[in-house]
Amino acid sequence: MVLSIYDTFSRKPSAITSLNGVVTMYCCGPTVYRDAHVGNLRTFLLSDLIARTIRLSGLSVEMIQNITDVGHMSDDFQEDKMLEQSKKEKIDPFDIARKYEERFHIDLANLNIVPAQKYPRASESIELMLEMISALILKGAAYVGEDGTVYFDAQSFPGYGHISGNRLESLKPGHRYEYVEDGVKKFHADWSLWKPAGDRKAMVWDSPWGPGFPGWHIECSAMSLKFLHGHINVHVGGIDLRFPHHENERAQSNSITGNESVDLWVHGEHLLFEGRKMSKSAGNVVLLDDVIAKGFDPLALRLCFLENRYRSQMDLSWQSISAAHDTIKRWRTKIAIWGASRSIEIDSTILAVLENDLDTPRVTTYLRSVEKDNNLTDAQKANAFLFADQVLGLELSRTQEVQELTPELIDLLAQRESARSAKNWALSDDLRVRLENAGLEISDSSSGQSWSWR
Ligand code: AMP
Ligand code: ZN
């Protein structure tokens, strides 16, 4: 058996394809002008869960994830997101890109995401994109507008709209799906592959059509075909990328290869935080660093994601992260008591559930029943947990480490002890909150305060 996963293109679960035992995977990566929020991380985790399940079924995976560090325009299509942020932070746009790229890799490591084989940067793949744009012009799928912009000719690709259901005939001029440059494009749904520099000074490259910079969609076509040998078995991204990003990518790639370049298009649903879409204006953008700063194990976030099906919108809360933190702690302690088995045997129930469209919530429910089942031996229980953990990635065989108190926490504890002696309850309560936010549990008794790690 192999993983069967929901394909947005055919609108049904489909078996993963492979060539000579290798599955090629492409996952749209971050635009590195800011930290990834926990929503972005939910989508990045999806590709890890797919890759781990494929490996558990005995195939290997070759995965590429791009780093968008040029060409992704802000929502109002006025400015490159990188250049906008560079102005805000007063740092060179390439320094902005490297800073957030590094933080992206730290987030992935903290979430125990197995790294991709390669993380190609858009800014270092300009040659690849220029080659592809030239080839598209030669094939009659792209044209140079009067202003020097190279456009993809949407009408040259008959299957446009199959992924998202947005057919060309129903796309109206003026819709906010691409830059509006009426009078220059031949057709309102055409999109730019290469844009002339104009007044722009930074992140500009030479091209056969003059100095300029690439559009966003072309990078994923260029990188996926180049680094995955011309064919992609599984393509992953967040649901918002279905249109226009993936629709345009498919048109570009298929026009080059002359066939269907991607077998399965997999999309992860969005994450909400405490009932609302995460946004700067709503002030509810949560980062993995915020989870860690509150003293939670970053893998608690991973467990929260696992307890929701990737295809359903999910709502995250501090309460669910806290509960997941406690669950992981309990499971690690129990597994240490049950005794880790020397070799992990295949648990076909768990494998079948994972291979059935990545039903991770059913796996965690099953593990909870195993945990309570008095008819199972400790070794059987440990085996089920450790087998599942090859995909869950919760590091369940890790023994609960004894964490040392930092000098700051020692000082806060001492301050609280003095506040209590001085009967300054307001200060003592305030210090308790600060200690709890740092991950400690405080209890008071007649003999004084005591603490433990949460
Ligand atoms: P970006 O860095 O904005 O290009 O986004 C990186 C990835 O995160 C893309 O695959 C997006 O579709 C995905 N994404 C954006 N917002 C969310 C969200 N709230 N929940 C889940 N995935 C998201
Ligand atoms: Zn992409």
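Start at 1 and go down the list; that is how both ligands and their atoms are numbered.
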Does an N or O anywhere in [X] fall below 3.5 Å from an N or O of ligand 1?
X	answer
M278	no
E269	no
R42	no
T31	yes

- Task: Compare C27, S47, G238 and give the one whose heavy atom is closest to atom 10 (O) of ligand 1.
- Result: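 The residue whose heavy atom sits nearest atom 10 (O) of ligand 1 is G238.
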So which heavy atom in the protein is nearest [atom], and how far is it from that ligand atom?
atom	answer
atom 3 (O) of ligand 1	R34 NH2, 3.3 Å
atom 12 (O) of ligand 1	D240 OD1, 2.4 Å
atom 21 (C) of ligand 1	G39 O, 2.9 Å
atom 22 (N) of ligand 1	T43 OG1, 2.7 Å
atom 5 (O) of ligand 1	N40 ND2, 3.4 Å

Could you tell me, atom by atom, which parts of ligand 1 come under 4.0 Å of a heavy atom of [X]?
X	value
P30	2 (O)
H37	16 (N), 17 (C), 19 (N)
L241	9 (C), 10 (O), 12 (O)
L271	18 (C), 19 (N), 20 (N), 21 (C)

According to the interplanar angle, ranging from 0 to 90°, do the rings of [X] and [Y] count as parallel (below 30°), tilted (30 to 60°) or perpendicular (above 60°)?
X	Y	result
H325	F296	perpendicular
W216	H72	parallel
Y26	H235	tilted

- Task: Go through T68 and E219 one step at a time and tell me if the side-chain hydrogen bond (donor to acceptor under 3.5 Å, both in side chains) criterion holds.
- Result: CA-CA 8 Å; T68 301; E219 81 179 68; 2.9 Å; yes
- Query: Of the options L306, I54, I5, I113, which is the one that meets L49 in a side-chain contact (heavy atoms from CB on, under 4.5 Å)?
  - Reply: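 The residue from L306, I54, I5, I113 that satisfies side-chain contact (heavy atoms from CB on, under 4.5 Å) with L49 turns out to be L306.
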- Message: Testing the 3.5 Å rule here: is there a donor-acceptor pair between the side chains of N437 and R432?
- Response: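 Judged by distance alone, the side chains do not pair up.
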- From the Zn ion (ligand 2) out to just under 2.8 Å, does an N/O/S atom of H217 turn up?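 Here the distance criterion (N, O or S atom, under 2.8 Å) is not met by H217, so no.
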- Message: Tell me which one of R55, R302, R42 satisfies salt bridge (Lys or Arg N to Asp or Glu O under 4.0 Å) with D48.
- Response: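 Answer to the salt bridge (Lys or Arg N to Asp or Glu O under 4.0 Å) test with D48 among R55, R302, R42: R302.
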- Task: List the steps, then state whether salt bridge (charged side-chain N to carboxylate O under 4.0 Å, His left out) holds for R242 with E247.
- Result: CA-CA 6 Å; R242 246 181 337 182; E247 210 65 85; over 6 Å; no
- Message: Tell me whether the NZ or CZ atom of K186 lies within the 45° cone about the ring axis of Y143 and under 6.0 Å from its centre.
- Response: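 K186 over Y143 ring: yes.
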- Message: Working to 10°, measure the angle at the Zn ion (ligand 2) formed by atom SG of C28 and atom NE2 of H245.
- Response: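 So the angle at the metal works out to 120°.
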- Query: With side chains defined as the heavy atoms from C-beta onward, is the minimum distance between R309 and S312 less than 4.5 Å?
  - Reply: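 A side-chain contact exists here, since the closest heavy-atom pair is under 4.5 Å.
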